[in-house]
Amino acid sequence: MTDVPAEDPQETLLRLRASIDNIDAALVYLLAERFRATQQVGRLKARHAMPPSDPSREEQQVARLRALAEAAHLDPEFAEKWFNFVVAEVIRHHEAFRTE
Ligand SMILES: O=C(O)C(=O)C[C@]1(C(=O)O)C=C[C@@H](O)C=C1
């Protein structure tokens, strides 16, 4: 039998934290890109007097994200909460464009 080398917990922690930092950076960039797109949607909606929110679109998005979350072994409740949190901010931006 081959011996498994003893784990150095500090080294393992640092390695995992480096991965977490990379993932957090990617999430920030992805969110920035999402908001860049939604700002354009907000301006478009304001120019054409369209309502800031679209509940039927959100329903479709939630259903899709919940299915994706399940397939990825992510809690679908958490995925939905994250989505609602982001969309609430998007709608706040959309409403601000209407008063510009
Ligand atoms: O697709 C739109 O109509 C948007 O305004 C974007 C968005 C989103 O962030 O995904 C935000 C608000 C709407 O209620 C639905 C979706």
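For the numbers below, each heavy atom of this structure counts, side chains included, while hydrogens, waters and symmetry mates do not. Numbering of ligands and ligand atoms starts at 1, following listing order.
Distances from atom 1 (O) of ligand 1 to the heavy atoms of Gln60, Glu58, Arg57, Gln61 show the closest one on Arg57. When the options His94, Gln40, Glu59 are ranked by their closest heavy atom to atom 5 (O) of ligand 1, first place goes to His94.
Remark: ligand 1 and Arg34 share an N or O pair separated by less than 3.5 Å (distance only, no angle test).
Side-chain contact between Glu58 and Gln61: present, with at least one pair of heavy atoms (C-beta onward) separated by less than 4.5 Å. Within the 4.5 Å cutoff, side-chain heavy atoms of Phe97 are placed close to those of Glu100.
Less than 4.0 angstrom separates some heavy atom of Val90 from each of these atoms of ligand 1: 9 (O), 11 (C). Listed by number with element, the atoms of ligand 1 under 4.0 angstrom from any heavy atom of Asp54 are 13 (C), 14 (O). Near Lys45, meaning under 4.0 Å from one of its heavy atoms, ligand 1 places the atoms 2 (C), 3 (O), 4 (C), 5 (O). Atoms of ligand 1 lying under 4.0 Å from any heavy atom of Thr38, numbered from 1 in the order shown and given with element: 9 (O). Using a 4.0 Å cut-off to heavy atoms of Ser53, the atoms of ligand 1 that qualify are 14 (O).
Note: the hydrophobic cluster containing Val41 does not contain Val87 (ILVMFWY, side chain heavy atoms under 4.5 Å, direct or indirect links).
Lys45 places a side-chain N or O within 3.5 Å of a backbone atom of Pro52 that can act as its donor or acceptor partner.
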(request) Run the numbers on Glu89 and Arg92 for salt bridge (Lys or Arg N to Asp or Glu O under 4.0 Å), then give the verdict. (result) CA-CA 5 Å; Glu89 181 70 4; Arg92 206 176 60 76; 2.8 Å; yes
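The residue from His94, His93, Arg34 that alone fulfils the side chain to side chain contact (heavy atoms under 4.5 Å, CB included) condition with Gln39 is His93.
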